[in-house]
Amino acid sequence: MTKVRKKYDRVFKDRAVELIKHRENLSELGRELGISAAQLYKWRKESAEFGSISFLGNGNLKQTPEQERINSLEKKLKESELELEILKKVIGIFSKSDH
């Protein structure tokens with residue numbers, strides 16, 4: 001028999017993280033909410049690391065503003081490298097036809 005994985009919405013997770021701030025015993029809080037203490041620790045860590053972009057859902061990449069900037073710059077660098085390669089090939093073709 002397979003176990004069905006429960007899904008919790010962002011509001012539930014945000015409220016659970018708020019409750020964590022006011023409680024010392026996460027095992028007890030987990031029992032009250034019907035989830036494991038390990039899950040609460042995970043949500044608290046994610047909330048601390050990503051703040052307002054936490055709990056976006058499946059398939060949504062969580063990135064800090066710095067990570068977004070790095071990804072954007074890496075993309076621009078790859079595009080520039082591709083353009084440079086194309087220009088080198090074009091120069092090579094035209095320099096051969098001049099001789």
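Both backbone and side-chain heavy atoms feed into the values below; hydrogens, waters and symmetry mates do not.
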Results of side-chain contact (heavy atoms from CB on, under 4.5 Å) for K78 - residues two or more places apart only: none
Not counting sequence neighbours, which residues clear side-chain contact (heavy atoms from CB on, under 4.5 Å) with L87? List them please. none
For [X], all residues meeting salt bridge (charged side-chain N to carboxylate O under 4.0 Å, His left out), sequence neighbours excluded:
X: R23; value: E28, E32
X: K21; value: E18
X: E49; value: none

Should D14 and R10 count as an ion pair when the cut-off is N to O under 4.0 Å? yes
Applying the 4.5 Å side-chain criterion to the ILVMFWY set and letting contacts propagate, would L33 and V11 be lumped into a single cluster? no
Is there a path of hydrophobic side-chain contacts, each under 4.5 Å between heavy atoms of I/L/V/M/F/W/Y residues, joining F94 to I86? yes
Work out which heavy atom in I20 is nearest to a heavy atom in R44; give both atom names and the distance.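 Of all heavy-atom pairs spanning I20 and R44, the closest is CG2-CD, 3.5 Å.
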For the residue pair A16 and L40, what are the closest heavy atoms and their distance?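 Distance-wise, the nearest heavy atoms are CB-CD2, 4.0 Å.
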To the nearest 0.5 Å, what is the distance between CG (N25) and CZ (R31)? 6.5 Å
Roughly how far apart are K42 NZ and I35 CD1, rounded to 0.5 Å?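 The NZ atom of K42 sits 11.5 Å away from the CD1 atom of I35.
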Do K88 and L84 have side-chain heavy atoms sitting under 4.5 Å apart? yes
Around atom CD of E24, are there more than 12 heavy atoms of other residues, nucleotides or ligands at under 6.0 Å? no
Among residues at least two apart in sequence or on other chains, which ones pass ring-ring contact (aromatic ring centres under 6.0 Å, His included) with Y8?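 With sequence neighbours excluded, Y8 shows a ring-ring contact (aromatic ring centres under 6.0 Å, His included) to F12, W43, given in chain and number order.
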Which residue pairs pass the salt bridge (charged side-chain N to carboxylate O under 4.0 Å, His left out) test when at least one of the two sits in residues 63-77, sequence neighbours left out? none
